[in-house]
Amino acid sequence: MPSKDFFELATSPIDITSVARRVVPPECGATVTLDGYVRQFTRGRETLHLFYEAYEPMALREMQKLIGQAHKDFDISNIGIVHRLGRLEVGETSVVISVAAPHRKAAFAACEWLIRELKRTVPIWKKEIYADGEEWIEGEKDVTPI
Amino acid sequence: MPSKDFFELATSPIDITSVARRVVPPECGATVTLDGYVRQFTRGRETLHLFYEAYEPMALREMQKLIGQAHKDFDISNIGIVHRLGRLEVGETSVVISVAAPHRKAAFAACEWLIRELKRTVPIWKKEIYADGEEWIEGEKDVTPI
Amino acid sequence: MIKALFFGLTADLIGSRSTDLDLKDHATPANVLEHLVAAYPELAPHRILIAVNEEYVYADTVLHDGDELAFFSAVSGG
Amino acid sequence: MIKALFFGLTADLIGSRSTDLDLKDHATPANVLEHLVAAYPELAPHRILIAVNEEYVYADTVLHDGDELAFFSAVSGG
């Protein structure tokens, strides 16, 4: 069976259903999907919109590495990752990660690992635009080169 | 904030995106969604289509109980559960469970617990229709009355 | 009088989706199931779950007039 | 000659998205960053991550002619 893994940077709205469906192999019965979206309020402050920027070729390489590592560490069939870039309005989807696996447990574990690692390693940055200013958000975690 | 929990039995196709979006509160940034769908192959045998039947009022009560228990056991904001009934074609979505939470970890844990308990307690039955016959699937687990 | 409902596999094996029963005092779902299995021996190999008034119950729960009793195989939704 | 790229916060603080650098032999990203922080002290309070040719590297990695060097703040996608 050819792999149905995919990893993409998107500049138009992401449809969760279509991401979740693209990872489905005929012998699996369940998909776990994490979707992140633009919060209206962060620590009580209202966000007007967000802007995501990426170091695009490196972001795609890092996403591909995460997918490779997930296949080593978890018994899963297919993975789909789509991250939105550019300006996003409140409520829009910023990231979708879908994992299909023969057994649910591995799909949950892999999806949780993938979002944690994506937030730590994939070179994408978020700028929050508030009524009274804007701010580049800095991640909390370091990355150790391999 | 009014609760955005919901639990439904549906006889027309389920859209994963709309389920995942309905549970979103303005202060949460992530939703975890489990979706189950009709497998083409089960233990090497090809499924032509599926049929789901429910003891509908009890199924809705049991879904409501699961939601109540999940709110006690996990730090989550909103839960949405939609289960399809009737005839389903291969690839169609049979169940969607979406959980929004302030922190991802609780959303993953609650979603995994909810699908496990739904499969154990909610009175819905699946009939597999094969080229050469059909079979009501029997669950593996017992239910202890409370 | 109580109503008994059957679903999925149990409905197919019994050939009916519901029946009305006149029961003795202190009758339990176990008594009803015993009669059903005697009448429909195809039920015997299956694990049958029991609900009364849309709640899971133990087989020795005492039934009351007007109860809605349900018999069904282990659930397989999802 | 190597190219240095800046993104997000670093691009805003430096006021540029890329620059070409002529480096001495055995120069490292740490040397370059030292010069950058001297020129743009606003960078000093921030943790700056380093990539060479689209891979994370340690600050003391030796740079080679033609390398693509990148400096950016801790990532915040998701």
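Labels below follow one simple rule: chain letters A, B, ... track the order of the sequence lines, proteins then strands, and each chain is numbered from 1.
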Legend entry - Min side-chain heavy-atom separation B:Trp136-C:Asp12 under 4.5 Å: yes
Inset, instruction - Flag the pair C:Phe72 / B:Met58 as yes when at least one side-chain heavy-atom distance between them is below 4.5 Å, and no otherwise. - result: yes
Inset, instruction - Tell me, for C:Leu49 versus chain B, whether the close heavy atoms (under 4.5 Å) come from the side chain, the backbone, both or neither. - result: side chain
Inset, instruction - Please state whether the side chain, the backbone, both or neither of C:Ile50 comes within less than 4.5 Å of a heavy atom of chain B. - result: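 Neither part; nothing is under 4.5 Å.
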Legend entry - Set of residues satisfying ring-ring contact (aromatic ring centres under 6.0 Å, His included) with respect to C:Phe6, sequence neighbours excluded: none
Inset, instruction - Can you establish whether the number of heavy atoms outside B:Glu92 located under 6.0 Å from its atom CD is more than 12? - result: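 Atom CD in B:Glu92 is packed in, count exceeds 12.
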Proximity breakdown for [X] and chain C, heavy-atom pairs closer than 4.5 Å:
| X | answer |
| --- | --- |
| B:Arg84 | neither |
| B:Glu53 | side chain |
| B:Ala59 | neither |
| B:Glu140 | backbone |

Legend entry - Spatial distance of atom OG (C:Ser76) from atom CZ (B:Arg120) [nearest 0.5 Å]: 15.0 Å
Inset, instruction - Quick one: which of C:Gly77, C:Ala11, C:Ala70 has the most heavy-atom pairs under 4.5 Å with chain B, could you say? - result: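 Of the options given, most contacts go to C:Gly77.
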Legend entry - Neighbourhood of chain B inside residues 51-61 of chain C, taking heavy atoms under 4.5 Å as contact: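 From residues 51-61 of chain C, the residues near chain B are C:Ala51, C:Asn53, C:Glu54, C:Glu55, C:Tyr56, C:Val57, C:Tyr58.
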Legend entry - Best-contacting candidate, B:Val96, B:Val143, B:Ile97, against chain C by heavy atom pairs under 4.5 angstrom: B:Val143
Inset, instruction - Among the options B:Tyr52, B:Tyr37, B:Tyr55, pick out the one with the most heavy-atom pairs lying under 4.5 Å from chain C. - result: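 Heavy-atom pair counts peak at B:Tyr55.
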Of the non-hydrogen atoms in [X] and [Y], which two are nearest, and what is the gap between them?
| X | Y | answer |
| --- | --- | --- |
| B:Ile115 | C:Gly78 | CD1-CA, 4.5 Å |
| B:Glu138 | C:Ser73 | OE1-CB, 3.8 Å |
| C:Val75 | B:Thr121 | CG2-N, 3.9 Å |

